[in-house]
Amino acid sequence: MKRRIFSGARPTGRQHLGNYLGALQNWVSLQDEYDCIYCSVDVHALTTLEDTSSLQTDIYEMMLDWLAAGLDPQKSILFVQSHVPEVMQLYTLLGMVTPLGWLLRMPTFKEKVKIQPYNVNYGLVGYPVLMTADIVIYKAEVVPVGEDQLPHLEMARAIARRFNNLFGDTFPEPQAKLTSFPMVLGLDGKEKMSKQLGNDIEIALSPEETIERVMTAVTDPARQYRNDPGHPEICNIYRLQGYFNPSQLDALAVQCRSAEIGCVDCKTLLAQKINSALEPFRERRAALAAKPQYVKDVLADGANRAQVIARETLTEVKQKMGLI
Ligand code: AMP
Ligand code: TRP
């Protein structure tokens, strides 16, 4: 039997290069080797959303990106978290074996408190417990994510271990699987690329919009003037060239250090490379957008298939915890 993978992403609408390079691409390539389940975690999204009016559109837009990028419903289960409500029951039960101190110490929780001090809700504290429930309800062994999720995976392993110790061996301890691009910086060149921070480049932008966005990127601050020599090793644009333009990477480093090439030229080249790499994706996306019922059908079928597995695990957990 193939080993099982689970991963999820908050329905933030159109995906950005961070999602794409840090996770989505990996998800696509793992489909043949593993039994894969990919989830749009709408309940997790509620921990940061106050206005939920665009949630359905955001789920739909994200699914278009996933399908166009190559997630194949014939190979993988694709579904929306709240459509399999069993996970919320497991979340509650796992909450009983998770020390509060672990959750309050989470760096990701502290970060959110900083970003949204006006909305420190209880769901934010429980976020890693729900994430653990997502993974272990499918007894997934491998979780492909970006680097920012490593503390959550550490917590998932700790909760699974604790449950197993208290109630007998039930869950595998899930292992993270990173891509070769586990952390994509945003256009500010400082923070991780993120929709909430507004420093992102969406993969579904038009070629013209992509060029515009790339042009706003912060590069090497030491290059004030065209003739200033650059430091490619600290430049975010250079890092992205590594992915989209690997054959010219060494030459670009030399040209940047000697100021033979300016940042505008370098950005134009990168935007062109991004556009040609994403052209087939964008064509597939437009074709999918023309049949919105297809996305709904995929998600309905995915939820049915996921629910069969989730119910089985939940019953086992309830038995082990003495509830039935
Ligand atoms: P999110 O949109 O934050 O729910 O993230 C969905 C997936 O994309 C997760 O596996 C993240 O680790 C990954 N991801 C998000 N932002 C980045 C980034 N800037 N660099 C690398 N991976 C990312
Ligand atoms: N916390 C993840 C993120 O922000 C999303 C997520 C929720 C997830 N449940 C998961 C990722 C389970 C992997 C496995 O990206």
Side-chain angles (χ1 to χ4, degrees), residues 4-28 30 36-49 58-59 61-63 65-66 69 71 77 79-82 84 87-88 90-91 94 106-109 111-112 115 123-124 126-157 159-160 171 174-203 236 239-240 243 306 310:
R4 181 166 291 151
I5 271 187
F6 181 96
S7 197
R10 290 165 306 125
T12 44
R14 295 178 167 213
Q15 301 286 275
H16 52 66
L17 281 179
N19 303 132
Y20 185 69
L21 302 181
L24 187 51
Q25 264 223 332
N26 213 10
W27 298 1
V28 172
L30 293 165
C36 298
I37 306 179
Y38 297 121
C39 179
S40 168
V41 292
D42 55 349
V43 179
H44 274 114
L46 298 180
T47 61
T48 55
L49 285 184
D58 286 343
I59 291 172
E61 292 286 333
M62 183 162 87
M63 276 303 147
D65 279 347
W66 285 14
L71 289 189
I77 295 181
F79 78 107
V80 177
Q81 187 181 35
S82 68
V84 182
V87 77
M88 261 95 76
L90 184 59
Y91 165 51
L94 292 180
M106 282 297 283
T108 45
F109 171 65
E111 210 175 284
K112 286 290 177 200
I115 299 178
L124 273 182
Y127 188 109
V129 185
L130 179 57
M131 182 159 159
T132 304
D134 281 332
I135 300 166
V136 302
I137 204 164
Y138 303 103
K139 300 198 175 182
E141 293 175 68
V142 181
V143 184
V145 282
E147 197 175 82
D148 58 328
Q149 296 302 312
L150 293 181
H152 285 151
L153 258 295
E154 194 63 50
M155 173 70 75
R157 277 195 294 281
I159 297 174
F171 303 123
Q175 302 297 320
K177 192 173 178 65
L178 296 177
T179 63
S180 51
F181 243 87
M183 167 60 116
V184 178
L185 287 182
L187 291 170
D188 52 13
K190 282 195 211 112
E191 309 278 350
K192 75 167 183 180
M193 185 174 284
S194 133
K195 185 149 285 191
Q196 205 178 7
L197 299 174
N199 61 4
D200 61 322
I201 306 177
E202 292 173 352
I203 53 178
N236 195 25
R239 236 170 266 144
L240 287 171
Y243 182 83

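For ligands, and for the atoms within them, numbers begin at 1 and follow the listed sequence.
- Remark: ligand 2 atoms within the under-4.0 Å shell around heavy atoms of S7 are 13 (C), 14 (C).
- In this structure, of G18, G146, G8, the residue bringing a heavy atom nearest to atom 23 (C) of ligand 1 is G18.
- Of the candidates G22, G13, A23, it is A23 that places a heavy atom closest to atom 7 (C) of ligand 1.
- Under 4.0 angstrom from ligand 1, there are no non-hydrogen atoms of K195.
- Scanning the protein heavy atoms around atom 21 (C) of ligand 1, the nearest turns out to be P182 O, 3.2 Å.
- Looking only at protein heavy atoms, the nearest one to atom 8 (O) of ligand 1 is N19 ND2, 3.3 Å.
- Heavy-atom contacts from other residues, nucleotides or ligands closer than 6.0 Å to NZ of K177 number 12 or fewer.
- Note: W27 and Y38 have parallel aromatic rings, judged against thresholds of 30 and 60 degrees for the angle between ring planes.
- Rounding to the nearest 0.5 Å gives a distance of 9.0 Å between CE of M63 and CD of Q15.
- Less than 4.0 angstrom separates some heavy atom of M183 from each of these atoms of ligand 1: 20 (N), 21 (C).
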Check: residues 127-135 side-chain donor-acceptor pairs under 3.5 Å, at least two apart:
unit_1	atom_1	unit_2	atom_2	d
T132	OG1	P128	O	2.7
D134	OD1	Q81	NE2	2.9
D134	OD2	Q81	NE2	3.2

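- Of all protein heavy atoms, the one closest to atom 6 (C) of ligand 1 is A9 CB, 3.4 Å.
- Taking a cut-off of under 4.0 Å to the non-hydrogen atoms of Q149, the atoms of ligand 1 that pass are 12 (O).
- Here the heavy atom of the protein found nearest to atom 15 (O) of ligand 2 is Q149 NE2, 3.4 Å.
- Short contacts between ligand 2 and R10, defined as distances under 4.0 Å to a heavy atom of the residue, involve ligand atoms 4 (O).
- No heavy atom of S194 sits closer than 4.0 Å to any atom of ligand 1.
- At a heavy-atom cutoff of 4.0 Å, ligand 2 is contacted by no atom of L130, backbone or side chain.
- Of the protein's non-hydrogen atoms, M131 CG, 3.4 Å is the one closest to atom 10 (C) of ligand 2.
- Considering only non-hydrogen protein atoms, atom 20 (N) of ligand 1 sits nearest to V184 N, 2.8 Å.
- Set against the non-hydrogen atoms of H44, the atoms of ligand 2 under 4.0 Å away are 7 (C), 9 (N).
- When hydrogens are left out, the protein atom nearest atom 3 (O) of ligand 1 is R10 NH2, 2.8 Å; that is the closest non-hydrogen contact.
- The shortest separation from a heavy atom of Q15 to ligand 1 is not under 4.0 Å, leaving the residue out of contact.
- Of the listed residues (V143, L21, D148, L185), the one carrying the non-hydrogen atom nearest atom 11 (C) of ligand 1 is D148.
- Residue I135 touches ligand 2 through its side chain alone, judged by heavy-atom distances below 4.0 Å.
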